[in-house]
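Positions are given from 1, in the same order as the sequence printed here. Bear in mind that the values here come from a model prediction, so they are computed numbers and not experimental data. Atom set for the values below is all heavy atoms of this structure, side chains included, hydrogens, waters and symmetry mates excluded.
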Amino acid sequence: MTRRTLAVVSAGLSQPSSTRLLADQLAAAARDELVRRGDEVELRVVELRDHAHDVVNNLLTGFPSTELRAALDAVTGADGVVAVTPIFNASYNGLFKSFFDVVDAQALVDRPVLIGATGGTARHSLALEHAVRPMFGYLRAVVLPTSVFAAPEDWSGGTAEGALRARIQRAGRELADQVDRRPPAAGPADPFALTTDFAQLLGGRED
């Protein structure tokens, strides 16, 4: 049995949050598909509202707190990422962008990412394609073809219904497919690890 980890990033600001609800359902769809294939799956949830002050401090100082470091490691060390933001002013919210601004620029290369968003009207759904997808493309992540947007009318009693449920299931399968194609993640990179041995640092000299 292969052990997999999925990082679930929610940038919702309220509690309860429809953004967190969508993130949980997307993660559950991917987890269930991976379990069906025989994998053991751990979900690591990162609620960005809990790290808002630390994210700003990191932007100012260049150093994360212990708690923010753990959140960053959960994302950069996962086999796949579910990332969901509320849409403000036709784009991701500032907290979502700021968090990924402090993620190492190389940490998500070739990492499968399932993107989702929530908003007050379905008219905001294209923000996933013109704002969120390009951001992860810049980070060279593998952004899944299916993105998922949820408006208030898509929820019934706190659960996804109809077309939204079908889209969640399809996106979950796509994430599972991409995770299955890759070896298990080795965890977050050690920022202090030497990538060059001392002989190379000395120009190959042995004297």
Item to complete: Could you pull out all residues at least two apart from Asp54 that satisfy salt bridge (charged side-chain N to carboxylate O under 4.0 Å, His left out)?
Response: none
Practice prompt. Taking the side chain as every heavy atom from C-beta outward, state whether Val142 and Phe136 have any atom pair closer than 4.5 Å.
Written response: no
Discussion item. Measuring only between side-chain heavy atoms, which start at C-beta, is Leu6 closer than 4.5 Å to Glu42?
Written reply: no
Discussion item. Is it the case that the side chain of Arg20 and the backbone of Glu47 share a donor-acceptor pair, with hydrogens and angles ignored and the cut-off at 3.5 Å?
Written reply: no
Worksheet item: Mind checking whether Ile87 and Leu95 sit in one hydrophobic cluster, side chains of I, L, V, M, F, W, Y counted as touching below 4.5 Å?
Response: yes
Worksheet item: Does some side-chain heavy atom of Arg140 sit less than 4.5 Å from a side-chain heavy atom of Asp110?
Response: no
Worksheet item: Between Tyr92 and Phe100, is the ring centre distance below 6.0 Å?
Response: no
Discussion item. Tell me which pairs pass salt bridge (charged side-chain N to carboxylate O under 4.0 Å, His left out) where either residue lies in residues 75-97, with sequence neighbours left out.
Written reply: Arg4-Asp79, Lys97-Asp101
Worksheet item: Does the pair Arg69/Glu67 count as a salt bridge with the N-to-O cut at 4.0 Å?
Response: no
Worksheet item: Using a side-chain heavy atom cutoff under 4.5 Å and only I, L, V, M, F, W and Y, what cluster partners does Leu60 have?
Response: Val56
Item to complete: Compare all side-chain heavy atoms of Val102 with those of Leu59 and state whether any distance is below 4.5 angstrom.
Response: yes
Discussion item. Do Glu129 and Pro134 have side chains that approach each other closer than 4.5 Å (heavy atoms only, starting at C-beta)?
Written reply: no
Worksheet item: Any side-chain heavy atom of Val148 within less than 4.5 Å of one from Leu22?
Response: yes
Practice prompt. Please say which of Val82, Leu26, Val81, Val143 ends up in a side-chain contact (heavy atoms from CB on, under 4.5 Å) with Ile115.
Written response: Val143
Worksheet entry | Ion pair check, Arg173 and Asp177, cut-off under 4.0 Å | no
Discussion item. Could you tell me if the side chain of Val46 sits less than 4.5 Å from the side chain of Ser10, heavy atoms only?
Written reply: no
Practice prompt. Kindly indicate whether the side chain of Val84, heavy atoms from C-beta on, has any atom under 4.5 Å from the side chain of Val9.
Written response: no
